[in-house]
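Worksheet for the structure shown next.
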Amino acid sequence: MRTLLIANWKMHYGPMKAGGWVRAFRRERLPKEIDIAVAVPHVSLAAARASLGRASIPALASQNSFWAKEGAYTGEVSPDMLQEFGVQYCLVGHSERRALLGETDEMVGKKAAALQSAGIVPVICVGENEAQNKKGEVNKILRQQVTAALAGLKPEGKTPFVFAYEPIWSIGTGKACPAQKAKEAHEVIRAAIQKKFSASLADKVRVIYGGSVDANNISEYITTTGVNGALVGGASLDPRAFAFLCRTANPA
Ligand code: PGA
């Protein structure tokens, strides 16, 4: 299974800086053996694509999408619009959106299904908060979030969907989740996929880890069974540092 690394800029970099990031990243040595994507703000997608030119690395990702094809949804962007633009992946249900914008499990499921129908790979973010972790509710929360996200998804396609396990207490805190704990969480996610679909699909779906990943700890995750990549926030903002992280993830 190919490793997947996604840079998540969050709400950083307008068009000018986005273009500069892509150009600087492209000047670096980039491993072809892994899949690399960059999730940029919608207004910066055009600049990122223009700086990419004909290059296909990194793939373009969106940080959000609505579920309907078109209509009276002021401020939203549809999966079809993103597809038309050449976006290949889209984050869904990032914990910041769940917490700050009221995104529910049901909305996450609708978005994931709509993206998949439009030919974009949904990268569904799930994970417990600190209180839930302390109460020993990790597995329960994950099963609930994953099951809801899978509701409208189809098992077809080479990469039908991706899950990102992002424990909320580890995001932007420097408190990376121990790789062994991430492995256990990824097993719970795979078990929920198996329950809904099949063991063969559960084995095929990439489950990546996110939360304070950097060049120092990436190898630990990548070498852990069942961890198929990473969603990288803070450590992706510097293009050279992120390129170094990508090379570190691919020691070949
Ligand atoms: P972080 O963010 O790498 O800055 O912890 C990860 C994320 O929120 O996707």
Side-chain angles (χ1 to χ4, degrees), residues 4-26 36-52 58-67 73-79 81-83 85-105 107-108 110-112 114-115 120-127 129-130 145 149 162-176 208-215 229-243 245-246:
L4 172 63
L5 295 180
I6 306 178
N8 176 15
W9 291 354
K10 308 194 179 187
M11 200 175 74
H12 292 285
Y13 300 162
M16 272 157 66
K17 285 193 175 155
W21 188 101
V22 170
R23 284 192 297 278
F25 188 67
R26 289 287 316 159
I36 303 170
V38 57
V40 314
H42 286 155
V43 290
S44 302
L45 278 169
R49 192 178 64 177
S51 291
L52 263 176
L60 287 181
S62 165
Q63 299 178 7
N64 179 43
S65 157
F66 195 60
W67 54 78
Y73 307 104
T74 303
E76 293 297 321
V77 166
S78 77
M81 293 172 183
L82 296 171
Q83 196 276 336
F85 205 87
V87 163
Q88 291 179 45
Y89 300 88
C90 182
L91 307 184
V92 188
H94 190 284
S95 60
E96 286 149 16
R97 299 194 57 84
R98 291 181 191 255
L100 299 169
L101 294 154
E103 245 175 57
T104 62
D105 280 344
M107 289 157 81
V108 169
K110 282 160 78 173
K111 289 181 178 202
L115 283 160
I120 295 174
V121 179
V123 179
I124 304 150
C125 305
V126 294
N129 64 29
E130 189 154 31
Q145 292 180 345
V162 172
F163 273 93
Y165 171 56
E166 294 209 305
I168 295 168
W169 48 271
S170 77
I171 296 177
T173 57
K175 285 193 269 174
I208 64 178
Y209 167 77
S212 297
V213 172
D214 58 25
L231 183 52
V232 185
S236 74
L237 289 175
D238 178 328
R240 285 166 210 89
F242 184 62
L245 188 155
C246 293

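- Among residues two or more places apart in sequence or in another chain, the side-chain contact (heavy atoms from CB on, under 4.5 Å) test is passed with Phe66 by Ala68, Tyr73, Glu76.
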Name each donor-acceptor pair under 3.5 Å that joins a side chain in residues 230-237 to protein atoms two or more places apart or in another chain, with its distance.
residue: Ser236; atom: OG; partner: Val232; partner atom: O; Å: 3.1
residue: Ser236; atom: OG; partner: Gly233; partner atom: O; Å: 2.8

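- Contact annotation: the side chain of Val87 approaches that of Leu45 to within less than 4.5 Å [non-hydrogen atoms, C-beta and beyond].
- Nearest heavy-atom pair across Cys90 and Leu82 is SG-CD1, 4.3 Å.
- Contact between Ser95 and Ile171 at its shortest, heavy atoms only, is OG-CD1, 3.3 Å.
- Put simply, CG on Leu245 and CG on Leu5 are 6.5 Å apart, with the number rounded to the nearest 0.5 Å.
- Residues that satisfy the side-chain contact (heavy atoms from CB on, under 4.5 Å) test with Lys110, not counting sequence neighbours, are Trp67, Glu106.
- Under the salt bridge (charged side-chain N to carboxylate O under 4.0 Å, His left out) criterion, the residue pairs touching residues 5-19 are Lys10-Glu96, with sequence neighbours excluded.
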**Study point:** Steps toward side chain to side chain contact (heavy atoms under 4.5 Å, CB included) verdict (Arg97, Gln63)
**Key:** CA-CA 10 Å; Arg97 299 194 57 84; Gln63 299 178 7; over 6 Å; no

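- The minimum heavy-atom distance between Thr173 and Ser212, with the atom names listed, is N-OG, 3.5 Å.
- Across all their heavy atoms, Val92 and Lys111 have their closest contact at CG1-CB, 3.7 Å.
- Note on Arg98 versus Glu103: no salt bridge recorded, every NZ/NE/NH1/NH2 to OD/OE distance being 4.0 Å or above.
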Check your understanding: How far apart are the C-alpha atoms of Asn8 and Leu91, what are their side-chain angles, what is the distance that settles it, and do they pass the side chain to side chain contact (heavy atoms under 4.5 Å, CB included) test?
Key -> CA-CA 9 Å; Asn8 176 15; Leu91 307 184; 3.8 Å; yes

Check your understanding: Can you check side chain to side chain contact (heavy atoms under 4.5 Å, CB included) on Gln88 and Leu60, steps first, answer last?
Key -> CA-CA 6 Å; Gln88 291 179 45; Leu60 287 181; over 6 Å; no

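- To the nearest 0.5 Å, atom CG of residue Asn129 and atom CH2 of residue Trp169 are 11.5 Å apart.
- Nearest heavy atoms, Pro15 versus Val43: CG-O, 3.5 Å.
- Here CD1 of Ile208 is found 7.5 Å from SG of Cys125. Values are rounded to the nearest 0.5 Å.
- Applying the side-chain hydrogen bond (donor to acceptor under 3.5 Å, both in side chains) test to residues at least two apart or on different chains, the pairs with a partner in residues 36-49 are His42-Ser62.
- Between Tyr209 and Tyr165, the ring-plane angle classifies as tilted under the 30° and 60° cut-offs.
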Practice item. Please lay out, stage by stage, how Trp9 and Val38 fare under the test side chain to side chain contact (heavy atoms under 4.5 Å, CB included). Key: CA-CA 8 Å; Trp9 291 354; Val38 57; 3.5 Å; yes

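- In terms of modelled atom types and a separation under 3.5 Å, the side chain of Ser170 and the main chain of Ala176 share no donor-acceptor contact.
- Classified by interplanar angle (parallel below 30°, tilted 30° to 60°, perpendicular above 60°), the ring pair Phe25/Trp21 is parallel.
- The ring-ring contact (aromatic ring centres under 6.0 Å, His included) search around Tyr89 returns none, not counting sequence neighbours.
- For the atom pair CD1 (Ile124) and CZ (Phe163), the distance works out to 4.0 Å, reported to the nearest 0.5 Å.
- The two atoms that bring Ile168 and Gly127 nearest to each other are CD1-O, 3.9 Å, heavy atoms only.
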